[in-house]
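What follows is a set of notes on a single structure, which appears directly below.
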Number of protein chains: 4
Amino acid sequence: MSAAKPQPRRVHSGNRRDDAARLAVLHAADDLLVEHGFGALTVEAIARRAGVAKQTIYRWWPSKVEILLDTLIEDSEKRLPVPAGSPTADSIRGYVRGFARFVTRDPAGKVLLALLAEAQHDPGTAKSLHERFLGPRRVRERELLATGTEAGEIAPKLGPDATIDALLGPVVYCALTGASVPRGLVDTLCEDLLRPRAD
Amino acid sequence: MSAAKPQPRRVHSGNRRDDAARLAVLHAADDLLVEHGFGALTVEAIARRAGVAKQTIYRWWPSKVEILLDTLIEDSEKRLPVPAGSPTADSIRGYVRGFARFVTRDPAGKVLLALLAEAQHDPGTAKSLHERFLGPRRVRERELLATGTEAGEIAPKLGPDATIDALLGPVVYCALTGASVPRGLVDTLCEDLLRPRAD
Amino acid sequence: MSAAKPQPRRVHSGNRRDDAARLAVLHAADDLLVEHGFGALTVEAIARRAGVAKQTIYRWWPSKVEILLDTLIEDSEKRLPVPAGSPTADSIRGYVRGFARFVTRDPAGKVLLALLAEAQHDPGTAKSLHERFLGPRRVRERELLATGTEAGEIAPKLGPDATIDALLGPVVYCALTGASVPRGLVDTLCEDLLRPRAD
Amino acid sequence: MSAAKPQPRRVHSGNRRDDAARLAVLHAADDLLVEHGFGALTVEAIARRAGVAKQTIYRWWPSKVEILLDTLIEDSEKRLPVPAGSPTADSIRGYVRGFARFVTRDPAGKVLLALLAEAQHDPGTAKSLHERFLGPRRVRERELLATGTEAGEIAPKLGPDATIDALLGPVVYCALTGASVPRGLVDTLCEDLLRPRAD
DNA sequence: TCATAATCGAGACGGTACGTCGGGTCTTCGG
DNA sequence: CCGAAGACCCGACGTACCGTCTCGATTATGA
C-alpha cells in the first residue's frame, strides 16, 4: 500500500458485466440496510458505498428492491433451505424453528422483513416478492407437508396453505413487532397443527 | 362588484386549533392511502388534498406517521373494540374473526398494515406504533384472556402473549402477503389454543 | 423582581393607541437594522423584539418600510435639519458636510441607505420614500439654494436639482459602496458648483 | 406510434456543464428583474422561467446575486467598456455620459442598481459586488485618469477616487431616485473636475 | 491488428418532496 | 376598541434523491 495511490480504483472488465461491481452493490445494499435501516437505503447511497456509478445500478436492477431480492434469495437458500427429501416431524419442526431464528436474528432475515414491509407500500414490490421469493418457497413448503403427510409423519388438520400460514405467521408477526418468539410457541403450534387430535 | 369573490375560503377559528383543518388532514391522509397507496402519501399531497397549508400539518403532527396513527386509533376503537366485560369463548373468537375482517377488508385495516410496514423502515414509527397502538391494545387483549381464564371460559395452553401472537399472527401474515385468511384457520386456532386438549 | 412573575407584561391603555407599543416597534426596527442588517428586519422579528403582536404592527403600519420611514423622518429632522432662515455659503457647505456625516456614520443614516436600497426592489417603497422623505426635503433644499442665490451668497452654475444631485450624489454613492467620503471632495464640489468661475 | 413523442426535451451534454442551461438561467434572471422587479426574482421563479431544475442553479451559483453579477459583468463589458488605450478629454466625458445612459436607460443598468441596493441589505452581496464588479472597474477607471493625466489631456484637481466618485456619484444617485440625469450635469462636472482652474 | 461494441466511473440534468421560515389575514380573549 | 397571542394559507428557501442522459476511459471480441 503506497500513500501515493489513495484510490487504487477497481479496474473493470471491459466488454462483459463486471462481477466485482455486482457483488459490491449487493453487499453495500445489505450493509446499509443492516446498519442504517431501509430509510437510508437509497440508490445514491448504495452507489456511493459500493464505489459504483448510479448508472451501473440502473443498468442491471430495475429498482433497489430487486437488489434486496437478489441478496435475500441467495442468503435464504444458503441459510434457510426448505428441507428436501423425505421429512420427519422433527425436520419440519426444525424448519419452523430455523425460520424463527432467520427472521428474528439473522441479518438476512431483516431483508425479508424490509421487503415484506415495502410490499405494503408498493405493488411492484409485492409482485416481485411473491414471484421471486414467497411463491417458489411456498411451493416447496407445500411439497414438504405433502411428502410428510404421505409418509405418515404428520397429519395436518388444516389445508396446506392454512397450515403454513398458521405456523409461520406468528413468527413473522413477532419479528415485525420487534418481539422475540415466545418459548414454546413454535413447538406447541407444530404439535397442534401437524398431529391429528387422536395422536 | 359581487361576482368577484372567488374564494369562499373556509374561515378558521382564531386563537384555537381549527378542528375542521384537523379532520380534513385525517381524511385526506386516509383517502390518499386507500386510493394511491403509501407511496403517494406525502405531506405535500395531504396538504393539497386537505386544502391546508403544509405548516399547519407540521404544527400539529411531527410526521405523516402520526397522522395515520391518529386515524388508526380512532377507527380501530370504533370498528374493532377489544371486548370488555366478561368474555365468553365465543366473544373471544368473535374478536379474532373481527380482527381478520378488519385487517383484510376494512380500509382502516390498511392503515395498520401500512404502519406495521413503515415501522420496519423507521425506528421512530416502530416506537410510536407500539406506544400508541400495539401496546395499549395488547394490554386489553391480555386482560381479555385473563378474565376469560378466571371465568373458566377458556384455558389457554400458552402464555398470554404467545397465545395472542399465535392467534393474530397468521391473520396479519395473510393480510401482509395479500392472501385471504383461509377458511377454518381462525376457528381451529381458537379451539386448539384456548381449550385444553382434554376438553 | 419576583420569580413568580416572569413576564411583567407592559400594560396597555385600552381604547386608545398605545404609544409605548408604537415606540417599542420603532426602536426594535431601528435596533434590528443596525445590529443585524435589513435582511433580519422581518415583521416577525420586530414584533418579537418589541414584545408586540404582529397584528399590532399591521394595524398601524402598512409595511416595515413605513416603520423605517417613521424613524428616518423623526431622526433626520433632529440630526440633519435643512438650514432655515438666511443661509450663508458656509452654512450650505456645512449642510452638505453634515449630510456626509449622517449618511456614513450616523446609525440613522443607515436607515436612509436601506430605504434607498429597498426602493430599487419595490416600487411602493420608492413611492413612499419620495413622498414622505426625499420630496419634502428636496423642496427645502431648493429653497435653501434659492434664498442663498437671491442673497448673493452663492451663484450656482447649474439648475437647483442638478446642483443638489451633484453635491449629494457623490456622498450617497460613497456611502452605498461602503467608502468614506474622500477628504476635500465636498469642499471642492461646493466651491466649483456654488461659486461662479470668475468669483 | 410516432406522434406520441411529446417531449423534445432539450438534450444535455453529459458530464460537462450544460451551457444552454447556463444561458437560460442568466436570461431568465435578467428578464424577471426587468419585468417584475427584484422582489419577483426568486430562485424558484428563475428555475421555472428558464425551464431548469432548482438544483442546477444551486449547483453553479451560490445565490441569485451571483447570477445577476454574471449578467452584469458580461453586459457591462459589452455595452459600457472602460476606454482603453490613450484617452482624450472627450473620450473620458463620453464614458461618463455612457455610464449615465447605461444606468438610467439600459436594462442591464437596472441590474447594477439592484445589486447596489441588495449590497445594502446583505454584506455578502456587498463583498461580491466589490470584488467582481466595482473593484476591477475602478482599477481601470483609475488607469484611465492616470493615462489621461500623463498625456496632459486632463488635470484633475482631486485624487483619482474622489474624482471618479464625484463624476459617477450624481449619475448613480439620480438613477437610484428614479430621476433622469439633468442636462448639463455631466458636462459641467467633467469640465470643473478634469480641467485645471487656469484652463 | 485494430475497429467495434459494451461496460464502467463520473456527474449534470429536470423533477418532486422534504421540513423551515416569514408574509399578511384572521379570530379569540382580557383589559 | 386596543393589544397580545397565535392559528391559518401561501409560497420561497436550500437539500436530498429520483431516474435519465452523456461523457471519456477501458477492455474483450471478431473482421
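Model, not experiment: these values are computed from the prediction. Naming: A, B, ... by sequence-line order, numbering from 1 per chain.
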Self-check item: Check: A:K54 main-chain N/O paired with A:E44 side-chain donor or acceptor under 3.5 Å
Solution: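 No; judged by distance alone, with no hydrogens or angles, the pair does not exist.
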Quiz item: Do side-chain atoms of A:S128 reach the backbone of A:T125 as a donor and acceptor pair under 3.5 angstrom?
Solution: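 Not a single qualifying donor-acceptor pair exists.
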Ignoring hydrogens and angles, are the base of [N] and the side chain of [X] linked by a donor-acceptor pair under 3.5 Å?
X     : N     : value
A:Q55 : E:dC8 : no
B:R16 : F:dG6 : no
A:K54 : E:dG9 : no

Minimal non-hydrogen separation, [X] against [Y], with atom names:
X     : Y     : value
D:L68 : D:A29 : CD2-CB, 4.4 Å
A:A40 : A:A45 : O-CB, 3.6 Å
D:L33 : D:L41 : N-CD1, 3.9 Å
D:A24 : D:A50 : O-CB, 3.5 Å

Return the value, rounded to whole Å, for the distance between atom [atom1] of [X] and atom [atom2] of [N].
X     : N      : atom1 : atom2 : answer
A:R22 : E:dT7  : CZ    : P     : 15 Å
B:I57 : F:dA7  : CD1   : P     : 15 Å
B:K64 : E:dG19 : NZ    : P     : 8 Å
B:N15 : E:dT28 : CG    : C1'   : 5 Å
D:I67 : F:dG14 : CD1   : P     : 10 Å
D:D18 : F:dC23 : CG    : C1'   : 13 Å
D:R49 : E:dG14 : CZ    : P     : 17 Å
C:L23 : F:dG3  : CG    : P     : 12 Å

Where the side chain of [X] is defined as all heavy atoms beyond and including C-beta, which of [options] is the nearest nucleotide?
X     : options               : value
C:Y58 : E:dC13, E:dT25, F:dA7 : E:dT25
D:R17 : E:dC13, E:dC8, E:dG15 : E:dC13
A:A21 : E:dC8, F:dC8, E:dG14  : E:dC8

Exercise. Look at all strands and tell whether B:W60 reaches a base, only sugar-phosphate, or nothing, counting heavy atoms closer than 4.0 Å.
Key: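 Sugar-phosphate: the residue B:W60, judged by heavy atoms under 4.0 Å, touches backbone atoms but no base.
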Quiz item: Using a cut-off of less than 4.0 Å, is there contact between a side-chain N or O of B:T56 and OP1 or OP2 of F:dA7?
Solution: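 Answer no for this pair, as no side-chain N or O of B:T56 is under 4.0 Å from OP1 or OP2.
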Quiz item: Mapping D:A53 and B:S63 to their closest nucleotides on DNA chain E, which lands nearer the 5' end?
Solution: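 Closest to the 5' end, via its nearest nucleotide, is D:A53.
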Practice problem: May I ask you to establish whether D:R22 and D:W60 are in a cation-pi arrangement, using a distance under 6.0 Å from NZ or CZ to the six-membered ring centre and at most 45° from the ring axis? | Solution: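 The answer is no; the distance or angle limit is not met.
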Self-check item: Proximity to DNA chain F (any heavy atom under 4.0 Å), residues of residues 32-44 of chain D only
Solution: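 Only D:T42, D:V43, D:E44 qualify.
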